Amino acid sequence: MNLELLTKLGSCRWKIKRISPMNTDAVIFADEKILHALDDKTVSQMRDVASLPGVVGPVCIMPDAHSGYGFPIGGVGAFDPEKGVISAGGVGFDISCGVRTLTTGLKKHHLKEVSEKLADSLFKNIPSGTGVGGKLKLTNNQMDEMLSGGASWAVGQKMGFPDDLRRIENNGVFRQADPSKVSKKAKQRMIDQLGTLGSGNHYLEVQYVEKIFDEQTAKAFGIAENEILVSIHCGSRGLGHQIATDYLPLMVKSAAKYGIKLPNKDIACAPIKSSLGQDYLKAMGAGINCALANRQRITHLVRNCFADILPKADLKLLYDVSHNTCNREEFLINGHMKTLYVHRKGATRALGPNSPELPHEFKKYGQPVIIGGSMGTSSYILAGTTASAELSFSSSCHGAGRVMSRTKALKSFKGKNIQDRLNLNGIIIKSGSIRGLAEEAPKAYKDVERVINVAEQAGISKIIARLKPIICVKG
DNA sequence: ATGTTC
């Protein structure tokens with residue numbers, strides 16, 4: 001991008017020039033290398049978000065940002081409940097896509113003899129791939145209960161323990177959900193997909209803690225060097241996708257009626273207070289609950305696999321973070337606490353120490369922020385900071401972020417070569433799709449270390465631990 | 001991301 005349009009606000013924090021019709025500032029979290037690589041479309045999408053009615057600044061993009069449908073991926077946009085809007089493109093197609101990490105109580109050496117067997121069991125028992133379903137078929141009633149109750153419903157169905165819920169945003173249930181606002185078609189697509197990974201960048205990894213950067217916080221999070229962890233990255237499958245597909249055209253069509261001048265149609269939105277805005281909010285909430293229940297059921301299946309092969313393992317939920325949401329939260333604005341609707345699209349909520357929502361054992365340290373690296377590279381656990389409330393509406397980055405489109409990656413890499421290289425590095429990779437491996441090649445992504453270092457230098461997160469993969473199951 | 005071009 002053109003750096004002349006930027007003002008440096010602080011370390012790794014830049015403001016782009018405010019031009020008409022922007023209603024508020026737009027801020028980029030990046031170092032100079034990331035800035036140079038940032039494409040103009042991402043910046044113009046930020047400007048579009050900052051031009052919407054009722055926006056409360058700053059609109060931000062995270063160091064892993066790139067352009068998306070309407071809103072940038074890696075973008076944060078907060079809106080006033082009275083004058084503001086909610087946008088289906090601001091949440092994205094994979095509603096509440098996110099990551100949860102489990103601790104196991106095992107060390108690296110416990111896996112030595114059984115890693116192949118464990119990899120086979122995980123690949124066999126956790127269905128993955130496009131359009132792939134699982135063994136559980138939901139009745140209409142179960143579907144509606146799941147969409148209202150999220151992970152809390154799943155725990156009630158014996159897919160986990162009540163203690164799991166304390167370690168999930170909003171205690172595992174988005175309360176503004178209403179399954180009646182979700183189309184039959186969306187529900188139909190989900191009937192047999194609960195407890196499945198999906199495809200694309202979704203994965204299930206068995207990892208070990210390679211390095212701890214902050215001993216005290218790591219201890220509070222329940223992790224130590226060489227500890228085995230399991231991370232699950234997936235979302236709301238066909239259901240969330242269908243909700244976005246259903247509501248986007250309705251928002252495009254109604255914009256004029258609500259007096260909203262859309263900077264472009266991809267950024268379609270509706271006033272939060274309007275009937276369409278409320279309907280979308282309730283449908284999106286059902287999508288969030290679907291993703292939370294999905295990750296909860298996968299956790300249950302993973303626990304069963306470990307119980308068979310490593311009965312000593314004790315799989316506890318460290319934390320579950322969502323990446324694609326619009327969440328109602330409180331922030332201090334001009335000296336007053338104010339409720340805002342915060343869109344995070346490809347961005348992670350990252351609450352600082354003493355946030356009321358955190359479980360008591362994390363209060364002193366901030367929220368665990370889980371950063372999934374690209375396939376075969378490092379992942380990170382960070383912690384939220386106090387400063388992020390003011391800097392980024394308590395948000396941080398979510399992953400490495402693509403630098404290469406799927407199409408370009410397919411042309412540039414061969415899945416088989418990628419698989420061989422990972423195996424040479426001692427990583428067991430299980431995937432039903434060789435093509436998918438090429439699309440997810442590590443070189444199609446930004447350097448995750450650079451991304452998290454920017455997040456730390458800018459003050460929106462603190463680096464706690466680095467994780468390395470041992471087993472990777474891909475869709 | 002996605003029953004990968006309803």
Side-chain angles (χ1 to χ4, degrees), chain A residues 45 64-75 87-100 127-134 137-138 143 182-204 232-250 252 266 283-284 286-288 290-292 294-295 298 321-326 343-348 372 374-375 398-411 413 415 431-441 444-445 473-475:
Chain A
Q45 286 182 336
D64 52 340
H66 53 105
S67 68
Y69 185 91
F71 276 49
I73 295 166
S87 167
V91 174
F93 277 81
D94 190 3
I95 296 170
S96 194
C97 171
V99 189
R100 64 164 57 185
S128 60
T130 310
V132 172
K137 203 167 170 195
L138 298 177
M143 177 68 71
V182 177
S183 67
K184 280 206 175 87
K185 194 174 176 184
K187 293 177 189 176
Q188 183 64 38
R189 288 178 68 171
M190 196 63 209
I191 274 187
D192 65 348
Q193 288 191 339
L194 195 70
T196 64
L197 269 182
S199 62
N201 65 356
H202 290 167
Y203 61 78
L204 188 158
I232 299 161
H233 177 203
C234 62
S236 50
R237 307 290 280 106
L239 182 128
H241 194 273
Q242 189 63 44
I243 292 172
T245 306
D246 291 339
Y247 278 90
L248 274 163
L250 297 177
V252 174
D266 292 351
M284 177 208 67
I288 291 178
C290 174
L292 297 177
N294 194 28
R295 291 196 285 275
I298 292 175
V321 296
S322 290
H323 293 154
N324 290 349
T325 58
C326 180
H343 295 74
R344 293 191 185 91
K345 182 186 189 183
T348 310
S374 54
M375 183 171 60
H398 82 308
R402 290 196 86 89
V403 281
M404 199 183 277
S405 71
R406 292 185 177 283
T407 330
K408 196 174 170 202
L410 264 182
K411 282 183 193 154
F413 309 111
S431 173
S433 165
I434 283 286
R435 173 199 163 112
L437 293 183
E439 289 185 359
E440 292 300 317
Y445 282 85
V473 177
K474 292 289 291 185

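Model, not experiment: these values are computed from the prediction. The sequence lines fix the lettering, A, B, ..., with proteins before strands; numbering per chain opens at 1.
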- [ ] Please report, rounded to the nearest Å, how far the C1' atom of B:dT4 is from the OH atom of A:Tyr69.
- [x] 17 Å
Open item on the list: Taking any heavy-atom pair under 4.0 Å as a contact, classify A:Lys185: base, sugar-phosphate, or nothing.
Closed with: base
Task: Distance in angstrom units between A:Asp94 CG and B:dT4 P, rounded - done: 15 Å
Open item on the list: Output the rounded distance in Å from CD (A:Gln242) to P (B:dC6).
Closed with: 12 Å
Open item on the list: Side-chain N or O of A:Ser199 versus OP1/OP2 of B:dT4: is the shortest distance under 4.0 Å?
Closed with: no
TODO: Identify whether any heavy atom of A:Gly235 sits under 4.0 Å from a base atom; if not, whether one sits that close to sugar-phosphate; answer base, sugar-phosphate or nothing.
DONE: nothing
Task: Protein-nucleotide distance (A:Gln188, atom CD; B:dT2, atom P), rounded to Å - done: 18 Å
Open item on the list: How many whole angstroms separate atom CG of A:Leu248 from atom C1' of B:dT2?
Closed with: 13 Å
Open item on the list: Restricting to non-hydrogen atoms, name the atom on A:Arg237 and the atom on A:Val132 that form the minimum distance, rounded to 0.1 Å.
Closed with: NH2-O, 3.0 Å
Task: Nearest-Å distance for atom pair OH/C1', residues A:Tyr247 and B:dT2 - done: 19 Å
Task: Residues in ring pair (Phe, Tyr, Trp, His ring centres under 6.0 Å) contact with A:His343, at least two apart in sequence or another chain - done: A:Phe71, A:Phe79
Open item on the list: Judged by each residue's nearest nucleotide on DNA chain B, which is more toward the 5′ side, A:Gly200 or A:Thr130?
Closed with: A:Gly200
- [ ] Can you label the angle between the A:His241 ring and the A:Phe93 ring as parallel, tilted or perpendicular, going by 30° and 60°?
- [x] tilted
Open item on the list: Taking only side-chain N and O atoms of A:Arg435, does any of them lie within less than 4.0 angstrom of OP1 or OP2 on B:dT4?
Closed with: no
TODO: Identify whether any heavy atom of A:Gln193 sits under 4.0 Å from a base atom; if not, whether one sits that close to sugar-phosphate; answer base, sugar-phosphate or nothing.
DONE: sugar-phosphate
Open item on the list: Distance check needed: B:dT5 C1' versus A:Arg406 CZ, whole Å only.
Closed with: 17 Å
Task: Residue list, side chain to side chain contact (heavy atoms under 4.5 Å, CB included) with A:Ser199, at least two apart or on another chain - done: A:Thr130
Task: Rounded distance in Å - CG (A:Leu197) to P (B:dT4) - done: 19 Å
Open item on the list: I want to check something: taking the side chain as every heavy atom from C-beta on, are A:Phe413 and A:Glu439 in contact at a cut-off of under 4.5 Å?
Closed with: no
